[in-house]
Amino acid sequence: MAPHDRALRRWLRSLADKRVEDLIFVNRPFPHDVYLPADVLLISSLRRLYLGFWYFPDIPGLPAGPHVFPHLREIGLCSTVISAGEIEYVLQCSPVLETLAIILSINPSSHVRVGSRSLRCAVLWMSMAREFAIVATPRLERLILWQTCPGAPSGVFPTNVKIGYAPELRVLGYLEPSIHALEIGNTVIQPGTRMSPANMVPSVKILAFKVRFGIRKETKMLPTFLRCFPNVETLHVMLRNTHTPSSSFSFLEITSCS
């Protein structure tokens, strides 16, 4: 083990001894392909943890169970290479976690499954995944999606956004018909899908879309998606004209939709 690795481990263990509650741990400068020291998992006092530019360590041999992060309420994984199974591991080790943020992560083969009895907010920000599934989250209130397929041509890397058991979900967006397929329960929502209680989310009150104005397929999906959320009170629509730069948007807000 290199001297700087030993020093880093000693430093992390000292943070554990001092019962540190907030930690932002970023690997800078590069290289990016450096594994996160497993000693981070020994800081059981943490309440807020943000990791940046790391490879998550391999799960075999790591401490596991709710005693790892018994107090952790917020975690951000920023440009961290982490598999879907490793995300599930983090959730299993964090019994009171309320906020999960996955930021600037590009892994098109991943199928991320989010299941947590405590989670209130999930964020997928400028990240890529084949599937982002809300499996069993009885307390989830907010699902925030933003440009989940940055820079990719339309339809090349679609993300299947799957909503399973989330009875308290109040806020959802931005859904983008160009890169999102919406699945509720076991039904993939498409134009002409027959609505039933099994493929509707009546708890959602605030809903947001991003649509490329002038693309018929996308504008056609907008009312189809809307029918899945019958009790929406505030609707945000971000419109982009296909003949203007990608940074040029118009915003529309409608209240009291129901």
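Position 1 is the first residue of the sequence; numbering continues from there. Basis for what follows: all heavy atoms, side chains included, without hydrogens, waters or symmetry-related copies.
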Give the intermediate values and the outcome of side chain to side chain contact (heavy atoms under 4.5 Å, CB included) for residues Lys217 and Ser178.
CA-CA 8 Å; Lys217 183 178 179 181; Ser178 63; over 6 Å; no

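- One distance of note links CD of Glu21 with CG of Leu15; it measures 12.5 Å at 0.5 Å rounding.
- Placement of Val188 and Ile184 in two distinct hydrophobic clusters is found when ILVMFWY residues are connected by side-chain heavy-atom separations under 4.5 Å, directly or transitively.
- In this structure, Tyr174 and Trp146 have perpendicular ring planes: the angle between them is above 60°, well past the 30° mark.
- A distance of 9.5 Å separates OG1 in Thr80 from CD1 in Ile103, rounded to the nearest 0.5 Å.
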Step by step, work out the side chain to side chain contact (heavy atoms under 4.5 Å, CB included) result for Phe209 and Met238.
CA-CA 6 Å; Phe209 294 103; Met238 182 185 294; over 6 Å; no

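- For the pair Glu86 (side chain) and Ser83 (backbone), a donor-acceptor distance under 3.5 Å is present.
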Apply the test side chain to side chain contact (heavy atoms under 4.5 Å, CB included) to residues Ser14 and Leu12: give CA-CA distance (whole Å), side-chain angles for both, the deciding distance (0.1 Å), then the verdict.
CA-CA 5 Å; Ser14 73; Leu12 289 171; over 6 Å; no

Evaluate the criterion side chain to side chain contact (heavy atoms under 4.5 Å, CB included) for residue pair Phe69 and Leu49; output intermediate values, then yes/no.
CA-CA 10 Å; Phe69 290 131; Leu49 174 63; 4.1 Å; yes

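- Atom-to-atom distance recorded for Cys78:SG and Trp125:CH2 is 12.0 Å, nearest 0.5 angstrom.
- Side-chain contact check for Leu182 versus Phe225: some heavy-atom pair is nearer than 4.5 Å.
- Between the side chain of Thr219 and the backbone N or O of Arg216 there is at least one donor-acceptor pair closer than 3.5 Å.
- Both Phe25 and Tyr89 sit in one connected hydrophobic cluster of ILVMFWY residues. Membership requires side-chain heavy atoms under 4.5 Å apart, directly or through other members.
- When every heavy atom of Glu131 is checked against every heavy atom of Asn160, the shortest pair comes out as OE2-ND2, 3.0 Å.
- Here the closest non-hydrogen pair linking Ser203 and Pro167 is CB-O, 3.3 Å.
- Counting heavy atoms from C-beta on, the side chains of Val211 and Pro177 come closer than 4.5 Å.
- How far CG of Leu41 is from CG of Leu36: 6.5 Å, rounded to the nearest 0.5 Å.
- In this structure a side-chain-to-backbone donor-acceptor pair under 3.5 Å is missing from Ser45 to Ile43.
- For the salt bridge (Lys or Arg N to Asp or Glu O under 4.0 Å) test, residues two or more places apart in sequence or in another chain that qualify with Arg73 are Glu98.
- In this structure, Arg227 places its CZ atom where more than 12 heavy-atom neighbours from other residues, nucleotides or ligands lie under 6.0 Å away.
- Shown here for Ser196 and Met200, the closest heavy-atom pair between the two residues is O-CG, 3.1 Å.
- In this structure, Arg139 does not pair ionically with Glu168, as no charged nitrogen and carboxylate oxygen lie closer than 4.0 Å.
- The number of heavy-atom neighbours closer than 6.0 Å to CD1 of Ile24, taken from other residues, nucleotides and ligands shown, is 12 or below.
- Note that NZ of Lys162 is 4.5 Å distant from CD of Glu183, once rounded to the nearest 0.5 Å.
- Side-chain N or O atoms of Thr193 include none that pairs as donor or acceptor with a backbone N or O of Ile189 at under 3.5 Å.
- Side-chain contact check for Leu140 versus Pro138: every heavy-atom pair is 4.5 Å or farther apart.
- A donor-acceptor distance shorter than 3.5 angstrom exists from the side chain of Ser118 to the backbone of Leu97, with no hydrogens or angles considered.
- Side-chain contact between Arg130 and Val112 is absent, with no heavy-atom pair separated by less than 4.5 Å.
- Interatomic distance, Ser94 OG to His71 NE2, rounded to the nearest 0.5 Å: 11.5 Å.
- Scored by the salt bridge (Lys or Arg N to Asp or Glu O under 4.0 Å) test, Asp39 finds Arg9, Arg13 as partners (sequence neighbours excluded).
- In summary, of the residues considered (Leu235, Asn231, Val237), a side chain to side chain contact (heavy atoms under 4.5 Å, CB included) with Leu207 occurs for Leu235 alone.
- Across Ala129 and Thr159, no two heavy atoms sit closer than the pair O-OG1, 2.8 Å.
- One hydrophobic cluster, built from ILVMFWY side chains closer than 4.5 Å, cannot hold both Ile163 and Val135; they sit in different ones.
- In this structure a side-chain-to-backbone donor-acceptor pair under 3.5 Å is present from Trp54 to Gly52.
- The environment of Arg120 atom CZ is dense: over 12 non-hydrogen atoms of other residues, nucleotides or ligands sit within 6.0 angstrom.
- Proximity of Lys205 to Phe229: side-chain heavy atoms (C-beta onward) are nowhere separated by under 4.5 Å.
- Between Leu175 and Leu145, the shortest heavy-atom distance links the atoms CD2-CD1, 3.9 Å.
- Of all heavy-atom pairs spanning Ile134 and Ala166, the tightest one is CG2-CB, 4.0 Å.
- Not counting sequence neighbours, the partners of Pro191 by the side chain to side chain contact (heavy atoms under 4.5 Å, CB included) test are Lys220, Met221, Thr224.
- The shortest side-chain heavy-atom distance between Leu62 and Pro57 falls under the 4.5 Å cut-off.
- In summary, Arg170 and Glu141 do not engage in a salt bridge, as defined by a charged side-chain N under 4.0 Å from a carboxylate O.
- Follow the hydrophobic side-chain contacts under 4.5 Å out from Leu172 and you never reach Tyr165; the two are in separate clusters.
- For the pair Thr99/Ile75, no side-chain contact is recorded, criterion being any heavy-atom separation below 4.5 Å from C-beta on.
- In the hydrophobic clustering of ILVMFWY residues, with side-chain heavy atoms under 4.5 Å counting as a link, Leu100 and Leu23 come out together.
- At distances below 3.5 Å, not a single donor-acceptor pair connects side-chain atoms of Thr137 with backbone N or O atoms of Ser116.
- Shown are Leu119, Leu143, Ile102; of these, the side chain to side chain contact (heavy atoms under 4.5 Å, CB included) with Val114 is made only by Leu119.
- Here the side chains of Ser44 and Arg19 are in contact, with some heavy-atom distance below 4.5 Å.
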